Amino acid sequence: MAIERTLILCKPDAVARGLVGEIVARFERRGYVIVAMKLVVCDKARAERHYTEHKGKPFYDGLVSYITCAPSVALVVEGAGAVEGCRGTIGATDPIKAAAGSIRGDHAQTIGRNLVHGSDSPDSAKREIPIWFEPHEMLGRRHDLEQWIIST
């Protein structure tokens with residue numbers, strides 16, 4: 001399975017409820033590596049770029065409004081099959097339909113406040129990551145990180 005990177009956003013509801021550590025821990029327990037992480041208040045321009053594929057849909061304005069209302073924590077997660085694996089860890093978009101044991105299944109209540117965003121494909125991840133992170137804000141490849149740990 002290919003080593004991938006994916007964008008994960010702990011949305012304002014996750015930050016407000018103190019669930020960021022729990023969310024990050026779930027990805028780490030699955031064996032994924034956090035190669036970038038920051039607390040950010042998303043401005044409207046970034047939100048519009050992030051949600052561009054939803055422009056014109058009835059829920060678009062609500063997405064932009066919510067992600068810009070309070071801080072989020074943005075992450076780049078790396079590992080084998082990271083896109084699909086992280087989406088499985090997150091659970092279905094509708095928390096009522098999300099499996100128990102998933103982040104949304106265990107902690108979210110409504111679609112509008114579903115705690116986490118995860119890129120839905122490798123192509124989406126490649127588009128989304130640069131919206132949130134500059135290249136210098138990310139660690140090197142996982143192999144580089146493992147070598148750094150071994151050598152110190």
Side-chain angles (χ1 to χ4, degrees), residues 3-142:
I3 300 295
E4 298 174 332
R5 287 186 172 183
T6 189
L7 178 75
I8 301 296
L9 298 176
C10 298
K11 296 178 186 180
D13 52 329
V15 175
R17 292 177 56 198
L19 293 172
V20 174
E22 166 68 19
I23 291 166
V24 170
R26 286 184 185 222
F27 296 122
E28 289 180 324
R29 282 194 300 263
R30 294 252 349 231
Y32 296 115
V33 175
I34 308 303
V35 298
M37 181 167 64
K38 64 183 172 182
L39 180 69
V40 60
V41 177
C42 182
D43 62 29
K44 187 175 180 186
R46 184 188 312 243
E48 288 173 344
R49 285 193 339 251
H50 180 77
Y51 287 122
T52 192
E53 76 258 16
H54 298 302
K55 191 166 184 130
K57 295 178 182 173
F59 54 85
Y60 173 78
D61 290 337
L63 290 173
V64 170
S65 177
Y66 187 64
I67 201 70
T68 60
C69 77
S72 295
V73 172
L75 311 160
V76 178
V77 177
E78 182 180 272
V83 172
E84 185 178 347
C86 287
R87 288 188 62 83
T89 300
I90 291 167
T93 303
D94 181 348
I96 302 303
K97 297 176 183 170
S102 69
I103 293 166
R104 289 177 177 152
D106 290 351
H107 299 291
Q109 295 177 345
T110 68
I111 290 176
R113 301 292 184 267
N114 64 8
L115 303 172
V116 185
H117 163 83
S119 301
D120 65 6
S121 70
D123 287 339
S124 290
K126 287 176 186 164
R127 181 187 70 78
E128 293 173 351
I129 290 169
I131 294 170
W132 295 85
F133 291 94
E134 298 292 327
H136 72 274
E137 295 179 298
M138 292 182 275
L139 297 176
R141 301 292 300 177
R142 180 180 186 163

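Small disclaimer: the values here were computed from a predicted structure and weren't measured.
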Look only at the side chain of [X] and the backbone of [Y], and say whether a donor-acceptor pair between them is shorter than 3.5 Å.
{"X": "Y66", "Y": "K11", "value": "no"}
{"X": "E78", "Y": "V33", "value": "no"}
{"X": "N114", "Y": "A108", "value": "no"}
{"X": "R17", "Y": "H107", "value": "yes"}
{"X": "S65", "Y": "D61", "value": "no"}
{"X": "R30", "Y": "A82", "value": "no"}
{"X": "R104", "Y": "V116", "value": "yes"}

Relative to F133, does K38 satisfy both conditions: NZ or CZ under 6.0 angstrom from the six-membered ring centre, and within 45 degrees of the ring's axis?
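Output yes; distance and angle both within limits.
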Step by step, work out the side chain to side chain contact (heavy atoms under 4.5 Å, CB included) result for I90 and F27.
CA-CA 9 Å; I90 291 167; F27 296 122; 3.9 Å; yes
Would you say [X] has more than 12 foreign heavy atoms packed within less than 6.0 Å of its [atom1]?
{"X": "K57", "atom1": "NZ", "answer": "yes"}
{"X": "E53", "atom1": "CD", "answer": "yes"}
{"X": "E84", "atom1": "CD", "answer": "no"}

Shortest non-hydrogen separation from [X] to [Y] and the atoms involved:
{"X": "V15", "Y": "P71", "answer": "CG2-O, 3.5 Å"}
{"X": "I3", "Y": "A80", "answer": "CD1-N, 3.6 Å"}
{"X": "E4", "Y": "G81", "answer": "OE1-C, 3.3 Å"}
{"X": "A125", "Y": "R5", "answer": "CB-O, 3.3 Å"}
{"X": "I131", "Y": "R49", "answer": "O-NH2, 3.4 Å"}
{"X": "G88", "Y": "S102", "answer": "O-CB, 4.1 Å"}

If you define the side chain from C-beta out and look only at heavy atoms, does anything of [X] sit under 4.5 Å from [Y]?
{"X": "I111", "Y": "F59", "value": "no"}
{"X": "V24", "Y": "M37", "value": "yes"}
{"X": "T6", "Y": "Y32", "value": "no"}
{"X": "R46", "Y": "V40", "value": "yes"}
{"X": "I67", "Y": "P12", "value": "yes"}

To the nearest 0.5 Å, what is the distance between [atom1] ([X]) and [atom2] ([Y])?
{"X": "C10", "Y": "L75", "atom1": "SG", "atom2": "CG", "answer": "5.0 Å"}
{"X": "H54", "Y": "Y60", "atom1": "NE2", "atom2": "OH", "answer": "10.0 Å"}
{"X": "L115", "Y": "T110", "atom1": "CG", "atom2": "OG1", "answer": "9.0 Å"}
{"X": "C86", "Y": "D120", "atom1": "SG", "atom2": "CG", "answer": "13.0 Å"}
{"X": "H50", "Y": "S119", "atom1": "NE2", "atom2": "OG", "answer": "7.5 Å"}

Evaluate V77 against I34 for side chain to side chain contact (heavy atoms under 4.5 Å, CB included), listing each step before the verdict.
CA-CA 5 Å; V77 177; I34 308 303; 3.8 Å; yes
Go through the steps to decide whether E22 and I103 satisfy the test side chain to side chain contact (heavy atoms under 4.5 Å, CB included), and finish with yes or no.
CA-CA 9 Å; E22 166 68 19; I103 293 166; over 6 Å; no
The test is side chain to side chain contact (heavy atoms under 4.5 Å, CB included); show your working for H117 and E128 and say whether it passes.
CA-CA 11 Å; H117 163 83; E128 293 173 351; 3.0 Å; yes
